[in-house]
Protein chains: 2
Amino acid sequence: MYQIDVMSRVPVYEQIVEQTEKFILAGILKEGDKIPSVRNLSVTLSVNPNTIQKAISELDRRGLVTSVPGKGCFVSDKARKALTVVKRNNLEIIREKTEELVMAGIDKREVIAVVEEVYEKKEGLKGETAPFKDEGGQ
Amino acid sequence: MYQIDVMSRVPVYEQIVEQTEKFILAGILKEGDKIPSVRNLSVTLSVNPNTIQKAISELDRRGLVTSVPGKGCFVSDKARKALTVVKRNNLEIIREKTEELVMAGIDKREVIAVVEEVYEKKEGLKGETAPFKDEGGQ
DNA sequence: CCAACTGTACTACATAGCATAGTACAGTTG
DNA sequence: CAACTGTACTATGCTATGTAGTACAGTTGG
């Protein structure tokens, strides 16, 4: 599920937040789905429980998950909608990177081609993946 | 010239590196141009000399500038060409961000529009700006 | 009821990166 | 030779990150 790169300059807890966002957007995590427990993830990812909790807290703060003490942590009802709004910021990042490409003399068609390619590849298959596998006991 | 944001999570020395890259790409800094001295920049930007030097070292390591002890620091001959190669990485970043936008259900036309807009705006006016202003004495 | 799970809240500690401060040395230039 | 240039140190402080351990309260299934 999660892929943590401890060598990355991106903090571990932030990697977890980002990846969770992607799972929600991709439909791998659906509204109401239960997220693996702090202690479970801690063992699975070989990361300290506190680090996991920090990620969960951030996801909670962003309104993407709802924590229920004693029960677990669940994907919020409006998580996907919230993310759609947030991800609009990507357009600004794309603008910045494109500006550098203009300066560097890279052809416009190269940039357009990348965008087209991504849309063609992903257009048909959205949100058709399996949720977390059975967490069993523990 | 340089705009440093001390509140940013991006380190100051990295901001200097990035901005210098942009100046080179934009033609504000041309091959052979002299970069303001460490002590000069240190005062101008209200940044410690060591921080400036760290940025210079990084630019040197990337082959964008050549330091000459006693004389100064100059934009390398092939700096612009080198950057053109490096900036191709932006295409990968754009790919990632676009993938998220697909997931979030943002329309392809919105993305394309941003790219088109940037190219239309910058296409005509490339590399027509003033270099560093007279450094005078000191 | 109770053991075992769940989230949450602490304190303490270690480490790394960033930035500052001050000093020192060597090359260049007018 | 004075004043600039880049470079190389050491030392210090701060912050973010991550780890470690403990504790408490709610939930659940046997």
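Computed from a prediction, not measured in an experiment: that's the story for all the values here. Letters A, B, ... mirror the listed sequences (proteins, then strands); counts begin at 1.
At distances below 3.5 Å, not a single donor-acceptor pair connects side-chain atoms of B:K87 with backbone N or O atoms of B:T84. A:S42 contributes a side-chain N or O that, together with a main-chain N or O of A:V47, makes up a donor-acceptor pair within less than 3.5 Å. Side chain of A:N90 to backbone of B:K97: a donor-acceptor contact under 3.5 angstrom is found.
With sequence neighbours excluded, the residues satisfying side-chain contact (heavy atoms from CB on, under 4.5 Å) with B:E14 are A:R9, B:V10, B:P11, B:E18. Scored by the side chain to side chain donor-acceptor pair (under 3.5 Å) test, B:R88 finds A:E110 as partners (sequence neighbours excluded).
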Pair B:E117-A:R95, salt bridge (Lys or Arg N to Asp or Glu O under 4.0 Å): steps then yes or no: CA-CA 9 Å; B:E117 184 189 336; A:R95 165 171 279 115; 2.9 Å; yes
Check the pair A:E58 / A:R62 against salt bridge (Lys or Arg N to Asp or Glu O under 4.0 Å), numbers first and verdict last. CA-CA 6 Å; A:E58 181 57 25; A:R62 298 190 190 181; 2.8 Å; yes
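Closest of all the heavy-atom pairs between B:P69 and B:S67 is CD-O, 3.7 Å. Heavy-atom minimum distance, B:V65 versus B:C73: CG2-SG, 3.6 Å. Nearest heavy-atom pair, B:Q15 versus B:S8, reported as atom, atom and distance to 0.1 Å: NE2-CB, 3.6 Å. B:A79 and B:L64 get closest at one heavy-atom pair: CB-O, 3.6 Å. The two atoms that bring A:P36 and A:N40 nearest to each other are CB-CG, 4.4 Å, heavy atoms only. For the residue pair B:Y2 and B:Q19, the shortest heavy atom distance occurs at CA-OE1, 3.4 Å.
Rounded to whole Å, the distance from CD1 on A:I4 to P on D:dT19 is 11 Å. Put simply, CD on B:Q53 is 15 Å from C1' on C:dC18, counting in whole angstrom units. The separation between A:L41 atom CG and C:dT6 atom P is 10 Å, rounded to whole Å. A:I35 has its CD1 atom 11 Å from the P atom of C:dT8, to the nearest Å. When rounded to the nearest whole Å, the span between CD1 of A:I52 and P of C:dT6 equals 13 Å. Rounded to whole Å, atom C1' of D:dG6 lies 17 Å from atom CD of B:E58. Taking atom CG on A:D60 and atom P on C:dT6, their separation rounds to 18 Å, with Å as the unit.
Taking every heavy atom of residues 70-78 of chain B and every atom of DNA chain C, pairs under 4.0 Å involve B:G70, B:K71, by number.
A heavy-atom distance below 4.5 Å is not found between the side chains of B:L83 and A:E100.
Using a 4.0 Å cut-off, some side-chain N or O of B:S37 falls inside it from OP1 or OP2 of D:dT5. One finds a side-chain N or O of B:S67 lying less than 4.0 angstrom from the OP1 or OP2 phosphate oxygen of D:dT7.
Two residues, A:P69 and A:P49, neighbour DNA chain D, and the one matched to the more 5' nucleotide by heavy-atom proximity is A:P49.
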Enumerate all atom pairs, one protein N or O and one N or O from nucleotides 16-18 of chain D, separated by less than 3.5 Å.
unit_1, atom_1, unit_2, atom_2, d
D:dT17, OP1, A:Y13, OH, 3.4
D:dT17, OP2, A:Y13, OH, 3.2
D:dG18, OP1, A:V12, N, 2.3
D:dG18, OP2, A:V12, N, 3.4

Where do N or O atoms of nucleotides 23-25 of chain C meet protein N or O atoms at under 3.5 Å, pair by pair?
none

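Base-pairing analysis of DNA chain C finds the following stems of at least three consecutive Watson-Crick or G-U pairs, with both pairing distances under 3.5 Å: C:1-30 with D:1-30.
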